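These notes concern the structure reproduced below.
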Number of protein chains: 2
Amino acid sequence: MEVALAAVAGRWTTLLLRELMHGPRSFSQLRAALPKLSAKVLSERLATLARADLVECERQKGFPSHAVYQLTPVGRTLRPLLIELYRTGDALLRERAAWGIRSVSGRG
Amino acid sequence: MEVALAAVAGRWTTLLLRELMHGPRSFSQLRAALPKLSAKVLSERLATLARADLVECERQKGFPSHAVYQLTPVGRTLRPLLIELYRTGDALLRERAAWGIRSVSGRG
DNA sequence: CCGTATCCCCTGCGATACTG
DNA sequence: CAGTATCGCAGGGGATACGG
(Lines give C-alpha, C1' and ligand atoms only; values in the text may rest on other atoms or scores of the structure.)
Protein backbone atom coordinates (compact mmCIF):
# COMPACT_ATOMS: atom_id res chain seq x y z
CA MET A 1 0.00 0.00 0.00
CA GLU A 2 2.81 2.35 0.84
CA VAL A 3 4.30 1.83 -2.60
CA ALA A 4 1.10 2.61 -4.42
CA LEU A 5 0.48 5.57 -2.15
CA ALA A 6 3.95 6.90 -2.84
CA ALA A 7 3.31 6.59 -6.57
CA VAL A 8 0.27 8.87 -6.49
CA ALA A 9 1.27 11.07 -3.55
CA GLY A 10 1.68 14.77 -3.99
CA ARG A 11 -0.73 17.59 -4.46
CA TRP A 12 -0.74 17.39 -8.23
CA THR A 13 0.26 13.87 -9.09
CA THR A 14 -3.20 12.39 -9.36
CA LEU A 15 -4.45 15.22 -11.51
CA LEU A 16 -1.39 14.95 -13.69
CA LEU A 17 -1.83 11.21 -14.11
CA ARG A 18 -5.50 11.65 -14.88
CA GLU A 19 -4.62 14.09 -17.61
CA LEU A 20 -2.12 11.67 -19.08
CA MET A 21 -4.65 8.84 -18.92
CA HIS A 22 -6.48 10.66 -21.70
CA GLY A 23 -3.45 10.37 -23.95
CA PRO A 24 0.00 11.90 -24.59
CA ARG A 25 0.33 15.52 -23.57
CA SER A 26 2.92 18.19 -24.13
CA PHE A 27 4.39 20.27 -21.35
CA SER A 28 2.32 23.26 -22.34
CA GLN A 29 -0.84 21.20 -22.63
CA LEU A 30 -0.32 20.04 -19.08
CA ARG A 31 0.28 23.59 -17.95
CA ALA A 32 -2.93 24.66 -19.64
CA ALA A 33 -4.88 21.81 -18.08
CA LEU A 34 -3.54 22.61 -14.61
CA PRO A 35 -3.17 26.38 -14.59
CA LYS A 36 -2.34 26.63 -10.89
CA LEU A 37 0.57 24.24 -11.22
CA SER A 38 3.86 26.07 -11.67
CA ALA A 39 6.39 25.04 -14.29
CA LYS A 40 8.87 24.16 -11.62
CA VAL A 41 6.60 21.75 -9.80
CA LEU A 42 5.26 20.30 -13.04
CA SER A 43 8.80 19.61 -14.11
CA GLU A 44 9.62 18.10 -10.74
CA ARG A 45 6.58 15.81 -10.75
CA LEU A 46 7.18 14.68 -14.31
CA ALA A 47 10.83 13.97 -13.59
CA THR A 48 9.85 11.98 -10.53
CA LEU A 49 7.23 10.01 -12.42
CA ALA A 50 9.72 9.41 -15.20
CA ARG A 51 12.30 8.12 -12.74
CA ALA A 52 9.65 5.72 -11.49
CA ASP A 53 8.97 4.56 -15.05
CA LEU A 54 5.38 5.64 -14.82
CA VAL A 55 5.76 8.32 -17.48
CA GLU A 56 7.89 8.65 -20.60
CA CYS A 57 9.25 11.80 -22.21
CA GLU A 58 9.90 12.41 -25.90
CA ARG A 59 11.82 15.53 -26.77
CA GLN A 60 11.83 17.31 -30.09
CA LYS A 61 14.99 19.36 -30.31
CA GLY A 62 14.83 22.62 -32.20
CA PHE A 63 13.15 25.90 -31.61
CA PRO A 64 10.74 26.33 -30.09
CA SER A 65 11.43 23.17 -28.18
CA HIS A 66 8.70 20.67 -27.58
CA ALA A 67 8.30 17.74 -25.24
CA VAL A 68 5.59 15.12 -25.13
CA TYR A 69 4.81 13.01 -22.11
CA GLN A 70 2.88 9.80 -21.99
CA LEU A 71 2.20 7.00 -19.59
CA THR A 72 4.30 3.87 -19.73
CA PRO A 73 2.58 0.49 -19.58
CA VAL A 74 3.39 0.45 -15.88
CA GLY A 75 1.91 3.90 -15.50
CA ARG A 76 -1.29 2.75 -17.12
CA THR A 77 -1.71 0.13 -14.42
CA LEU A 78 -2.52 2.97 -12.05
CA ARG A 79 -5.82 3.58 -13.78
CA PRO A 80 -7.99 1.44 -11.48
CA LEU A 81 -6.44 3.14 -8.49
CA LEU A 82 -7.21 6.59 -9.86
CA ILE A 83 -10.77 5.53 -10.56
CA GLU A 84 -11.11 4.21 -7.05
CA LEU A 85 -9.69 7.45 -5.66
CA TYR A 86 -12.25 9.37 -7.63
CA ARG A 87 -15.11 7.15 -6.49
CA THR A 88 -14.09 7.24 -2.86
CA GLY A 89 -13.47 10.96 -2.84
CA ASP A 90 -16.85 11.51 -4.38
CA ALA A 91 -18.51 9.35 -1.72
CA LEU A 92 -16.70 11.17 1.07
CA LEU A 93 -17.75 14.52 -0.30
CA ARG A 94 -21.35 13.39 -0.30
CA GLU A 95 -21.05 12.43 3.37
CA ARG A 96 -19.21 15.52 4.46
CA ALA A 97 -19.69 18.30 1.99
CA ALA A 98 -17.80 20.77 4.15
CA TRP A 99 -14.45 19.02 4.07
CA GLY A 100 -11.49 20.91 2.81
CA ILE A 101 -8.94 19.02 0.80
CA ARG A 102 -6.24 19.21 3.42
CA SER A 103 -8.51 18.77 6.42
CA VAL A 104 -7.57 15.15 6.85
CA SER A 105 -3.84 15.22 6.45
CA GLY A 106 -3.34 18.42 8.39
CA ARG A 107 -2.41 18.67 12.02
CA GLY A 108 -4.69 21.37 13.35
CA MET B 1 -9.39 12.36 -6.03
CA GLU B 2 -7.66 14.94 -3.91
CA VAL B 3 -10.15 14.37 -1.13
CA ALA B 4 -9.68 10.62 -1.08
CA LEU B 5 -5.94 11.03 -1.31
CA ALA B 6 -5.96 13.42 1.63
CA ALA B 7 -7.95 10.88 3.63
CA VAL B 8 -5.32 8.17 3.28
CA ALA B 9 -2.23 10.37 2.96
CA GLY B 10 0.54 10.10 5.47
CA ARG B 11 3.19 7.54 6.02
CA TRP B 12 1.18 5.48 8.49
CA THR B 13 -2.44 6.22 7.70
CA THR B 14 -3.06 3.34 5.34
CA LEU B 15 -1.46 0.82 7.68
CA LEU B 16 -3.46 2.22 10.56
CA LEU B 17 -6.71 1.99 8.63
CA ARG B 18 -5.90 -1.52 7.52
CA GLU B 19 -5.41 -2.52 11.12
CA LEU B 20 -8.73 -0.99 12.10
CA MET B 21 -10.46 -2.72 9.20
CA HIS B 22 -9.94 -5.92 11.14
CA GLY B 23 -11.95 -4.59 14.05
CA PRO B 24 -11.72 -2.22 17.03
CA ARG B 25 -8.25 -1.76 18.45
CA SER B 26 -6.86 -0.14 21.55
CA PHE B 27 -4.04 2.37 21.48
CA SER B 28 -1.57 -0.20 22.72
CA GLN B 29 -2.75 -2.79 20.25
CA LEU B 30 -2.08 -0.35 17.46
CA ARG B 31 1.34 0.41 18.88
CA ALA B 32 2.09 -3.28 18.99
CA ALA B 33 0.91 -3.78 15.42
CA LEU B 34 3.02 -0.87 14.16
CA PRO B 35 6.13 -0.93 16.33
CA LYS B 36 7.98 1.74 14.38
CA LEU B 37 5.19 4.24 14.77
CA SER B 38 5.79 6.57 17.70
CA ALA B 39 3.07 7.39 20.20
CA LYS B 40 3.09 10.99 19.13
CA VAL B 41 2.45 10.29 15.50
CA LEU B 42 -0.07 7.58 16.28
CA SER B 43 -1.98 10.01 18.42
CA GLU B 44 -1.76 12.67 15.74
CA ARG B 45 -3.02 10.36 13.01
CA LEU B 46 -5.86 9.05 15.15
CA ALA B 47 -6.90 12.56 16.11
CA THR B 48 -6.85 13.61 12.49
CA LEU B 49 -8.87 10.59 11.40
CA ALA B 50 -11.29 11.24 14.24
CA ARG B 51 -11.72 14.85 13.17
CA ALA B 52 -12.55 13.57 9.71
CA ASP B 53 -15.14 11.20 11.17
CA LEU B 54 -13.33 8.20 9.78
CA VAL B 55 -12.49 6.82 13.20
CA GLU B 56 -14.21 6.88 16.58
CA CYS B 57 -12.65 6.82 20.02
CA GLU B 58 -14.10 5.32 23.19
CA ARG B 59 -12.31 6.14 26.40
CA GLN B 60 -12.46 4.19 29.61
CA LYS B 61 -11.54 6.55 32.40
CA GLY B 62 -9.69 5.14 35.35
CA PHE B 63 -6.28 3.73 35.86
CA PRO B 64 -4.65 2.45 33.86
CA SER B 65 -6.50 4.37 31.22
CA HIS B 66 -7.71 2.64 28.10
CA ALA B 67 -8.92 3.84 24.74
CA VAL B 68 -10.51 1.87 21.94
CA TYR B 69 -10.61 3.03 18.36
CA GLN B 70 -12.83 1.80 15.60
CA LEU B 71 -13.85 2.83 12.14
CA THR B 72 -17.00 4.82 11.62
CA PRO B 73 -19.40 3.82 8.82
CA VAL B 74 -17.76 6.49 6.71
CA GLY B 75 -14.34 5.12 7.54
CA ARG B 76 -15.40 1.68 6.42
CA THR B 77 -16.17 3.07 2.96
CA LEU B 78 -12.42 3.39 2.47
CA ARG B 79 -12.04 -0.36 2.30
CA PRO B 80 -12.20 -0.69 -1.51
CA LEU B 81 -9.61 2.05 -1.82
CA LEU B 82 -7.25 0.31 0.57
CA ILE B 83 -7.70 -2.93 -1.31
CA GLU B 84 -6.94 -1.17 -4.56
CA LEU B 85 -3.86 0.44 -3.03
CA TYR B 86 -2.69 -2.97 -1.96
CA ARG B 87 -3.32 -4.52 -5.36
CA THR B 88 -1.64 -1.70 -7.23
CA GLY B 89 1.33 -1.55 -4.91
CA ASP B 90 1.77 -5.26 -5.28
CA ALA B 91 1.69 -4.99 -9.06
CA LEU B 92 4.20 -2.14 -9.04
CA LEU B 93 6.54 -4.11 -6.84
CA ARG B 94 6.40 -7.01 -9.24
CA GLU B 95 7.40 -4.67 -12.07
CA ARG B 96 10.10 -2.85 -10.19
CA ALA B 97 11.24 -4.88 -7.26
CA ALA B 98 13.96 -2.39 -6.40
CA TRP B 99 11.70 0.55 -5.64
CA GLY B 100 11.99 2.20 -2.30
CA ILE B 101 8.84 3.50 -0.71
CA ARG B 102 9.80 7.13 -1.07
CA SER B 103 11.41 6.82 -4.45
CA VAL B 104 8.41 8.24 -6.24
CA SER B 105 7.46 11.12 -4.05
CA GLY B 106 11.00 12.22 -3.35
CA ARG B 107 12.93 14.92 -5.14
CA GLY B 108 16.21 13.42 -5.86
C1' DC C 1 -1.68 3.37 29.93
C1' DC C 2 -2.83 7.30 27.05
C1' DG C 3 -1.54 11.30 25.26
C1' DT C 4 0.99 15.95 24.67
C1' DA C 5 4.99 19.31 24.41
C1' DT C 6 9.51 20.47 22.43
C1' DC C 7 12.91 20.47 19.23
C1' DC C 8 14.69 19.58 14.78
C1' DC C 9 14.95 17.90 10.10
C1' DC C 10 13.40 16.98 5.64
C1' DT C 11 10.84 17.80 1.63
C1' DG C 12 6.92 19.26 -1.16
C1' DC C 13 5.23 23.41 -2.95
C1' DG C 14 4.89 28.33 -4.43
C1' DA C 15 6.94 32.76 -6.59
C1' DT C 16 10.18 34.67 -9.25
C1' DA C 17 13.86 35.09 -12.40
C1' DC C 18 16.79 33.08 -15.58
C1' DT C 19 18.98 29.70 -19.50
C1' DG C 20 18.86 26.91 -23.92
C1' DC D 1 8.56 26.43 -25.32
C1' DA D 2 10.83 23.64 -21.97
C1' DG D 3 13.35 23.51 -17.94
C1' DT D 4 16.45 25.15 -13.91
C1' DA D 5 18.12 28.21 -9.94
C1' DT D 6 17.14 30.46 -5.81
C1' DC D 7 14.62 31.67 -1.92
C1' DG D 8 11.18 30.96 1.46
C1' DC D 9 7.48 28.69 3.83
C1' DA D 10 4.53 25.14 5.83
C1' DG D 11 3.84 20.88 7.85
C1' DG D 12 4.61 15.81 8.42
C1' DG D 13 7.33 12.97 11.02
C1' DG D 14 11.14 11.15 14.34
C1' DA D 15 13.31 11.44 19.29
C1' DT D 16 12.70 12.50 23.66
C1' DA D 17 10.67 13.96 27.84
C1' DC D 18 6.82 15.21 30.41
C1' DG D 19 1.64 15.38 32.02
C1' DG D 20 -3.04 13.20 33.30
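Just so you know, these numbers come straight off a predicted model, no measurement behind them. Here is how names work: the chains are called A, B, and so on, in the same order as the sequence lines, proteins then strands, and each is numbered from 1.
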For this session: Provide, to the nearest angstrom, the distance between the NZ atom belonging to B:K61 and the P atom belonging to D:dG19.
Result: 19 Å
Exercise. 5'-most contact on DNA chain C: B:P64 or A:V41, nearest heavy atom basis?
Worked result: B:P64
For this session: Could you work out which one of D:dG3, C:dC2, C:dC13 sits closest to the side chain of A:E44?
Result: C:dC13
Exercise. Would you say D:dA2 has OP1 or OP2 under 4.0 Å from some side-chain N or O of A:S28?
Worked result: yes
Problem set entry | Separation of atom CD in B:E58 from atom P in C:dG3, rounded to whole Å | 13 Å
Seminar exercise, completed: When rounded to whole Å, the CD to P distance for the pair B:E2 and C:dG12 reads 18 Å
Problem set entry | B:L42 CG to D:dG12 P, straight-line distance once rounded to whole Å | 16 Å
Problem set entry | Under-3.5 Å donor-acceptor pair between A:S65 side chain and D:dG3 base | no
For this session: Starting from C1' on D:dG20, measure out to NE2 on B:H66 and report it in whole angstrom.
Result: 17 Å
Problem set entry | Heavy-atom neighbours of B:R76 CZ exceed 12 at 6.0 Å | yes
Problem set entry | N/O (side chain, B:R59) to phosphate O (OP1/OP2, C:dC1) under 4.0 Å | no
Exercise. Hey, which of these two, A:T13 or B:S26, hits DNA chain C nearer its 5' end, going by closest nucleotide?
Worked result: B:S26
Exercise. Does a donor on one side chain and an acceptor on the other come within less than 3.5 Å for A:E84 and A:T88?
Worked result: yes
Exercise. Separation of B:L30 atom CG from C:dG3 atom P, in whole Å?
Worked result: 10 Å
For this session: Using only side-chain N and O atoms of B:R31, determine if any of them is under 4.0 Å from OP1 or OP2 of C:dC2.
Result: no
For this session: Would you tell me if any nitrogen or oxygen in the side chain of B:W12 comes within less than 4.0 Å of OP1 or OP2 on D:dG14?
Result: yes
For this session: Whole angstrom is fine here: how far is it from CG in B:L46 over to P in D:dG12?
Result: 15 Å
For this session: For the pair B:R59 and B:C57, evaluate side chain to side chain contact (heavy atoms under 4.5 Å, CB included) and give the outcome as yes or no after the intermediate values.
Result: CA-CA 6 Å; B:R59 292 181 171 173; B:C57 177; 3.8 Å; yes
For this session: When you get a sec, tell me which of D:dG14, C:dC1, C:dC13 is the closest nucleotide to the side chain of B:L37?
Result: D:dG14
For this session: Would you tell me if any nitrogen or oxygen in the side chain of A:S38 comes within less than 4.0 Å of OP1 or OP2 on C:dA15?
Result: no
Exercise. CD of B:Q60: more than 12 outside heavy atoms within 6.0 angstrom?
Worked result: yes
Exercise. CZ of B:R45 versus P of C:dC2: gap in Å, rounded?
Worked result: 19 Å
Exercise. Got more than 12 heavy atoms from elsewhere within 6.0 Å of CD, B:E58?
Worked result: no
Seminar exercise, completed: Quick note, B:C57 side chain, CB onward, closest among D:dA2, D:dG14, C:dG3 is C:dG3
Exercise. Side-chain donor or acceptor of B:K40 under 3.5 Å from a matching atom on the base of C:dG3?
Worked result: no
